[in-house]
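To start, the structure itself, in structure tokens.
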Amino acid sequence: MPLRCTASAKPPVVLAILVNLLLFVTVDSYLGHHHHQHHASGPVGMCLRAWTPCGTQGDGARRLAVGLGAKKKRSKKKGAGGGGGRASGGRGVGFNAATAAAPSVAAASPAPAPAAAAPETPPPAESPTPTELLFEAVERAVEGSADSIVAQLTSRGWFKIDDFLAEAGAAPGLIREMRAEAAALEGEGQYVTSQSTRWSDELGRLEHYDKHNVKAMQLVGGEAQYKIAPRLIEYTVAMTRCLPPVINARFDSARLSSTVQTNKLACCLGEGSSYDKHIDNQGGDDLRKLTVLLYCNPGWREELGGSFRIFPSSDVNQHEDVEPLGDRLFGFWSDQLVHSVQPSFAPGGRDDWRYALTIWFCAEDAGAITSDQAMLEAHWPQFNGGNTGQG
């Protein structure tokens, strides 16, 4: 039969207090645990995630969906901590049930106040790793160069930023380390002969061809590749996160994705290796909108050649060369700029090879891709509405 709550059926006072205390400790402990799990968990994994095709390109470059970088990993390891910035310190006040004072059950004089619990000592802050410092340096570099990048893109359709990472406080020798990673990937056999397309007067159509003495590969992430080239990968992730918002804020028509891009790490071996004149993107299903290169050639000198040649107008005899200096960031609209790469040479062998990491930032939709018919016809008189070659 159901229990009736009468005056004579009340549970003892002490038992009620103990039940309430048990409930308090259990719920408080759960909330504390849940709070930390909420802030400490998340999809971390490797920095570079899924790949899907991104347009028709000679080098078979692919679209990249970017996961979380090393900065997030460090927050997860600490477990505690609040919002942005580096996670640090211990659990928040009120989430440690052991510090809660139990209510007194004495019927006589009040019991002495319980001793105050000693505050928890936060664990020592972990020193950031070199790759985590690189991620943060890229953030600072983009922020510090944003106005110049936008101004140059507005005035001439391309930009050049010297000492891009060094000016942001990156570790000394960083570009040499990134170059060493690129060379290590080459030593592991991960590069293939770079291919592209160009217009053939003889054939009267596009032809596929192997670039002379040019090798290329894609940074795809994953444990094996990250072990060899963590700096190159962290740089790629950080740029994909940081640069598109800057461009989109000033150029409404760009509509760059902050999670999707394609990249190519290229190496010119000398003996006149070069790129024919072309435009990176001429439409179709190709969504590349902004091309950004970081040169990894700290020892470059004029005799090595390999300059990037810009054709800024319909005057085919007008051009401007940009040398591939180490830590130089260079970018332009992928669907607008006519350009080539001048012959490069390597009299000193491997030490003189020309390394460049290209990131193509993809638009969210094909409507952002445009073309300049007059420029195409000026530089390729045989152009009749077809393609003239791609990078």
Report task. Could you tell me whether E207 atom CD has more than 12 heavy atoms of other residues or ligands within 6.0 Å of it? Result -> yes
Query raised in the report: How far does CG of N281 sit from OG1 of T291, to the nearest 0.5 angstrom?
Result: 8.0 Å
Query raised in the report: Going by an N to O cut-off under 4.0 Å, is there a salt bridge joining E186 and R350?
Result: yes
Query raised in the report: If you round to the nearest 0.5 Å, how far is CZ of F135 from CD of E234?
Result: 6.5 Å
**Report entry** Side chain S340, main chain K277, donor-acceptor under 3.5 Å
**Finding:** no
**Report entry** Side-chain heavy-atom pair S274, Q342 within 4.5 angstrom cut-off
**Finding:** no
Requested in this report: Start with the C-alpha gap between W333 and F361, add the side-chain angles, then the distance that decides, and say whether ring pair (Phe, Tyr, Trp, His ring centres under 6.0 Å) holds.
Outcome: CA-CA 10 Å; W333 297 120; F361 295 87; over 10 Å; no
Query raised in the report: Is the backbone of A374 close enough, under 3.5 Å, to the side chain of H379 for a donor and an acceptor to pair up by distance?
Result: no
Report task. Say whether, by atom type as modelled, one donor and one acceptor occur between the side chain of Q225 and the main chain of G221 under 3.5 angstrom. Result -> yes
Requested in this report: Would you please indicate yes or no on a ring centroid separation below 6.0 angstrom for F159 and F330?
Outcome: no
Query raised in the report: Counting heavy atoms not belonging to Q318, are there more than 12 under 6.0 Å from its CD?
Result: yes
Requested in this report: With the side chain counted from C-beta on, respond yes when F308 and W158 share a heavy-atom pair under 4.5 Å apart, and no when they do not.
Outcome: no
Query raised in the report: Hey, are the side chains of L304 and P347 touching, using non-hydrogen atoms and a 4.5 Å cut-off?
Result: yes
Query raised in the report: Does any non-hydrogen side-chain atom of Q218 lie less than 4.5 Å from one of K264?
Result: no
Query raised in the report: OG1/T358 to CG/L294 distance, rounded to the nearest 0.5 angstrom?
Result: 9.5 Å
Query raised in the report: Under the side-chain contact (heavy atoms from CB on, under 4.5 Å) criterion, do D335 and D286 qualify, and how do the steps go?
Result: CA-CA 10 Å; D335 53 353; D286 194 337; over 6 Å; no
Requested in this report: List the atom of W353, the atom of R179, and the distance in Å for their closest heavy-atom pair.
Outcome: O-NH2, 2.7 Å
**Report entry** side chain to side chain donor-acceptor pair (under 3.5 Å) between Q336 and T370, intermediate numbers included
**Finding:** CA-CA 7 Å; Q336 294 292 316; T370 62; 2.6 Å; yes
**Report entry** Side chains of I149 and I247 in contact at under 4.5 Å (non-hydrogen atoms)
**Finding:** yes
**Report entry** Shortest non-hydrogen contact between S257 and P244, atoms and distance
**Finding:** O-CG, 3.3 Å
Query raised in the report: Where do S273 and S344 come nearest, in terms of heavy atoms and distance?
Result: OG-OG, 2.7 Å
Report task. Would you check, one step at a time, whether the test side-chain contact (heavy atoms from CB on, under 4.5 Å) holds for V214 with Y275? Result -> CA-CA 9 Å; V214 180; Y275 293 28; 3.6 Å; yes
Report task. Test the K289-W360 pair against the cation-pi criterion, namely NZ or CZ under 6.0 angstrom from the six-membered ring centroid and within 45° of the ring axis. Result -> no
Query raised in the report: What distance separates C267 SG from M217 CE, expressed to the nearest 0.5 Å?
Result: 11.5 Å
Query - Salt-bridge criterion met for R301 and D352 (N-O under 4.0 Å) - result: yes
Query raised in the report: Below 6.0 angstrom between ring centroids: does that apply to H339 and F311?
Result: no
Query raised in the report: So, for W300 and Y355, is the gap between ring centers shorter than 6.0 Å?
Result: no
Report task. Taking only Lys NZ, Arg NE, NH1 and NH2, and the carboxylate oxygens of Asp or Glu, determine whether R250 and D147 approach each other closer than 4.0 Å. Result -> yes
Query raised in the report: What distance separates D365 CG from L287 CG, expressed to the nearest 0.5 Å?
Result: 8.0 Å
Query raised in the report: Are the side chains of V246 and V142 in touch, meaning some heavy atoms are under 4.5 Å apart?
Result: yes
Query raised in the report: Which heavy atom in P324 sits nearest to a heavy atom in N297, and how many Å separate them?
Result: O-ND2, 3.1 Å
Report task. Determine, stepwise, if the pair S307 / E323 fulfils side chain to side chain donor-acceptor pair (under 3.5 Å). Result -> CA-CA 5 Å; S307 292; E323 298 84 0; 5.0 Å; no
Requested in this report: Kindly indicate whether the side chain of Y209, heavy atoms from C-beta on, has any atom under 4.5 Å from the side chain of Q195.
Outcome: no
**Report entry** Ring centres under 6.0 angstrom apart (F164, Y235)
**Finding:** no
Requested in this report: Find out whether L265 and L185 are in side-chain contact, i.e. whether some heavy atom of one side chain is under 4.5 Å from a heavy atom of the other.
Outcome: yes
Query raised in the report: With no hydrogens and no angle check, is any side-chain donor or acceptor of H278 less than 3.5 Å from a backbone partner on T197?
Result: no
Query raised in the report: So which heavy atom on N213 is nearest to which on G270, and how close?
Result: ND2-O, 3.1 Å
Query raised in the report: What's the shortest heavy-atom distance between R288 and D280, and which atoms?
Result: NH2-O, 2.6 Å
Query raised in the report: Does S371 use its side chain to pair, donor to acceptor, with the backbone of Q373 at less than 3.5 Å?
Result: no
Query - Under-4.0 Å salt bridge between R255 and E364 - result: no
Query raised in the report: At what distance, to the nearest 0.5 angstrom, does CD1 of I161 lie from CG of D327?
Result: 11.0 Å
Report task. Inspect the contact between R241 and E139 and indicate whether a charged nitrogen and a carboxylate oxygen are less than 4.0 angstrom apart. Result -> no
